[in-house]
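Structure provided below as structure tokens; questions to follow.
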Amino acid sequence: MIPSIAAVLERGLAEHPDKEALVGRGGRFTWATLDDAVTAAAAGLRAAGVGAGDRFAVSLPNDVDIVIAFLATQRIRAIWVGINRALAPPEKAWLLEDCDAACFVDTPERWRELVAGGEGHDGAPGAVDPHAPAAIAYTGGTTGYPKGVVHSQHNLLLPGHVSATTGSANPDHVLGVALPLTILNLLVLGPLVAYQVGQTLVAIDRVDPVGLAEWIRDEKVSTFSAVPAMIHDLLHHPDVRDDDLVSLVRPGVGGAAIPEEFRVLYRKRFGTEIYSGYGLTEAPTAVTVESPLEPRVPGSCGKALPQVEIVILDDDGNEVPAGETGEVCVRPAATGPFAGLYTPMLGYWNRPDATAEALRGGVLHTQDIGRIGVDGNLFIEDRKADLIIRGGANVYPAEVERVLHGDPAVAACAVVGAPDERLGERVVAFVQRNGDADLDLDALRARCAVELARYKVPEEFFVVADFERTPMGKIKKTSLRAQLG
């Protein structure tokens, strides 16, 4: 395993310095010219007064600049903080204050000015502690305020190291990143995988189906990480042709459940499979993945990656047998070539109590409810925080949403609990119409009554024009609950 992110370009520099390493709207870089750009950027950061341990916050679009900025931050041992561009100004201000950012860059012009100011300064990497804080990723909190997940360079490098070592990623492939690179998980799955494997990275700045298809076609993108809505749009948009996506060999899907019919349509149209997995910011990123070498198990999100073990615990912290439901927890693999290498997050920034709760018992508690089949596949039932307790009975929203998704008139849906004086909570469904389809709420209710226990059937339905979503494409259920009081 390479010692640090600061050294992530060294092998490519030695083996293929003239191979293309980074492509974006702002330019094209070989491994050699990328290394020069990162050195110049590191000098610019030092000249601006950013040093080891300082929080460097960035809110840049997907392009070459954000990749260079991230690599430069790691060379000078500063702490990277990605700020999503879609956030409102007060939200950005809260994050900047919470992490006590030393410097904030939110435009490409400002970034280039900062780099230019480093002329004559030292941009060479210094000694790096791979287990020191290296990045903060803000994730939603149950209190309404985000928590900053702190990771080390070691944490961030391990997924790419496993991909390179096991051969699960092909060095001849072109890796695209269309989701925001301000999300730390995308930096892990994008440049840190690509550069350990030896791939070309393409920073894609459009997520609309036509624009995304153009990038895939023009740059011959082999793989990229998507949310289900992106796959849906690629499948259904009339201006996306089959030959636009002919280079794709292994698109990945995460962030939300993907309906089975999407998989069938994709297989029929493009002749390849969608491989999904499960992960979370605290891990960081992927924990399980479906294997292209094994038959798919409907409803599962694959088996644990070789660096981790998944254990299902009950409310008392006891491990439950295979097939039984409990909280999904993650710990280092005890056997195999990656035994003992895995480390979860270092903690939540300035939140020691939340850190202790999440890492209690020597495992990472995900707050997800799931089970492991006898074959080792993980099945996610629901978020622990989303559990609805109706009259003392547990209702997992994902079960109800699966049934609602079965109606072709439903484009998207979300099930939440509404306060109820007698029952505690009642089940409420929000549904979005699929185009001009005839959305029959009585038929939806009847479908649920047939496929679900009576107490799980939604008592109210609301039709929405669209859902408010997180940057990763997840529906914001907190806003739906707020509407219900």
Side-chain angles (χ1 to χ4, degrees), residues 5-6 8-48 56 58-76 80 82-83 85 103 105-119 121 123-125 171-183 186-208 210-225 247:
I5 295 173
V8 77
L9 298 179
E10 289 181 359
R11 180 178 173 184
L13 274 171
E15 295 180 356
H16 39 72
D18 297 326
K19 178 182 176 179
E20 210 156 54
L22 177 62
V23 176
R25 191 74 64 183
R28 312 180 81 92
F29 292 81
T30 65
W31 288 74
T33 58
L34 176 58
D35 184 63
D36 290 341
V38 174
T39 299
L45 287 172
R46 285 187 173 125
F56 177 53
V58 174
S59 186
L60 291 173
N62 275 24
D63 205 340
V64 295
D65 289 334
I66 191 169
V67 176
I68 293 168
F70 172 71
L71 296 177
T73 303
Q74 301 307 297
R75 284 197 180 182
I76 66 168
W80 171 271
I83 307 288
R85 291 170 60 79
C103 183
V105 171
D106 61 350
T107 67
E109 294 76 19
R110 170 65 184 127
W111 168 248
R112 289 161 193 163
E113 288 174 2
L114 187 150
V115 173
E119 187 174 353
H121 288 75
D172 294 327
H173 284 171
V174 175
L175 175 59
V177 181
L179 293 168
L181 281 161
T182 50
I183 299 171
L186 272 301
L187 290 168
V188 173
L189 297 174
L192 293 186
V193 168
Y195 297 147
Q196 291 183 82
V197 172
Q199 297 171 327
T200 299
L201 181 81
V202 178
I204 299 172
D205 62 358
R206 288 178 65 180
V207 294
D208 62 287
V210 173
L212 180 56
E214 287 177 357
W215 272 105
I216 293 169
R217 181 192 66 230
D218 294 345
E219 297 299 334
K220 297 180 175 57
V221 172
S222 309
T223 182
F224 74 104
S225 297
S247 64

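Residues: numbered from 1 along the sequence shown.
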- Query: When you look at V207 and L212, which way does the side chain to side chain contact (heavy atoms under 4.5 Å, CB included) test go after all the steps?
  - Reply: CA-CA 5 Å; V207 294; L212 180 56; 5.8 Å; no
- Query: Under the side chain to side chain contact (heavy atoms under 4.5 Å, CB included) criterion, do R75 and R46 qualify, and how do the steps go?
  - Reply: CA-CA 10 Å; R75 284 197 180 182; R46 285 187 173 125; 5.8 Å; no
- Query: Roughly how far apart are I204 CD1 and F224 CZ, rounded to 0.5 Å?
  - Reply: 7.0 Å
- Item | Under the ring pair (Phe, Tyr, Trp, His ring centres under 6.0 Å) test, residues paired with Y195 that sit two or more places apart |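 By the ring pair (Phe, Tyr, Trp, His ring centres under 6.0 Å) rule, Y195 matches W31.
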- Quick one: pull up CG in L60 and OG1 in T107 and give me the separation to the nearest 0.5 Å.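 It comes to 7.5 Å.
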- So, the side chain of R85 versus the backbone of S59: is there a donor-acceptor pair under 3.5 Å, distance only?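 Answer holds: yes.
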- Query: In Å, rounded to the nearest 0.5 Å, how long is the span from CG of D35 to CG of L13?
  - Reply: 4.5 Å
- Query: Checking K19 side chain against G12 main chain: does a donor-acceptor pair fall under 3.5 Å?
  - Reply: no
- Task: Could you pull out the closest heavy-atom pair between A43 and G118, with the gap in Å?
- Result: CB-O, 3.5 Å
- Message: List the residues meeting ring pair (Phe, Tyr, Trp, His ring centres under 6.0 Å) with F70, not counting sequence neighbours, and say none if there are none.
- Response: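 So F70 forms a ring pair (Phe, Tyr, Trp, His ring centres under 6.0 Å) with W80.
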- Could I get the full list of salt bridge (charged side-chain N to carboxylate O under 4.0 Å, His left out) partners for R25, not counting sequence neighbours? D205
- Message: For L186 versus P191, what's the shortest heavy-atom pair and its separation?
- Response: O-CD, 3.8 Å
- Start with the C-alpha distance between I68 and V115, add both sets of side-chain angles, then the distance that settles side chain to side chain contact (heavy atoms under 4.5 Å, CB included), and finish with yes or no. CA-CA 10 Å; I68 293 168; V115 173; 6.0 Å; no
- Message: One pair to check against side chain to side chain contact (heavy atoms under 4.5 Å, CB included): L187 and L181. What are the steps and the verdict?
- Response: CA-CA 6 Å; L187 290 168; L181 281 161; 3.8 Å; yes
- Query: For V221, does its backbone N or O pair with a side-chain atom of S247 as donor and acceptor, under 3.5 Å?
  - Reply: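 Yes; judged by distance alone, with no hydrogens or angles, the pair exists.
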- Task: With sequence neighbours excluded, give me every side chain to side chain donor-acceptor pair (under 3.5 Å) pair touching residues 61-70.
- Result: D65-R112
- Item | Counterpart residues, salt bridge (charged side-chain N to carboxylate O under 4.0 Å, His left out), relative to R11 (two or more places apart) |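 For R11 the salt bridge (charged side-chain N to carboxylate O under 4.0 Å, His left out) partners, ignoring immediate neighbours, are E15.
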- Task: To the nearest 0.5 Å, tell me how far L192 CG sits from L71 CG.
- Result: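 Rounded to the nearest 0.5 Å, the CG-CG separation comes out at 7.0 Å.
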- Item | Inter-residue atom distance Q196.CD - L9.CG, 0.5 Å rounding |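 Between atom CD of Q196 and atom CG of L9 there are 10.5 Å.
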- Query: What are the two closest heavy atoms between L114 and C103, and how far apart are they?
  - Reply: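 Of all heavy-atom pairs spanning L114 and C103, the closest is CD1-SG, 3.9 Å.
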- Item | Exercise: identify the closest heavy-atom pair between P125 and A6 |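 The pair with the smallest heavy-atom distance is CB-CB, 4.1 Å.
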- Query: Do side-chain atoms of S222 reach the backbone of V174 as a donor and acceptor pair under 3.5 angstrom?
  - Reply: yes
- Message: As an exercise, state the distance from OG1 of T182 to CD1 of I83, rounded to the nearest 0.5 Å.
- Response: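 If we round to the nearest 0.5 Å, T182:OG1 and I83:CD1 are 8.5 Å apart.
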- Item | Residues forming a salt bridge (charged side-chain N to carboxylate O under 4.0 Å, His left out) with E214, sequence neighbours excluded | R206
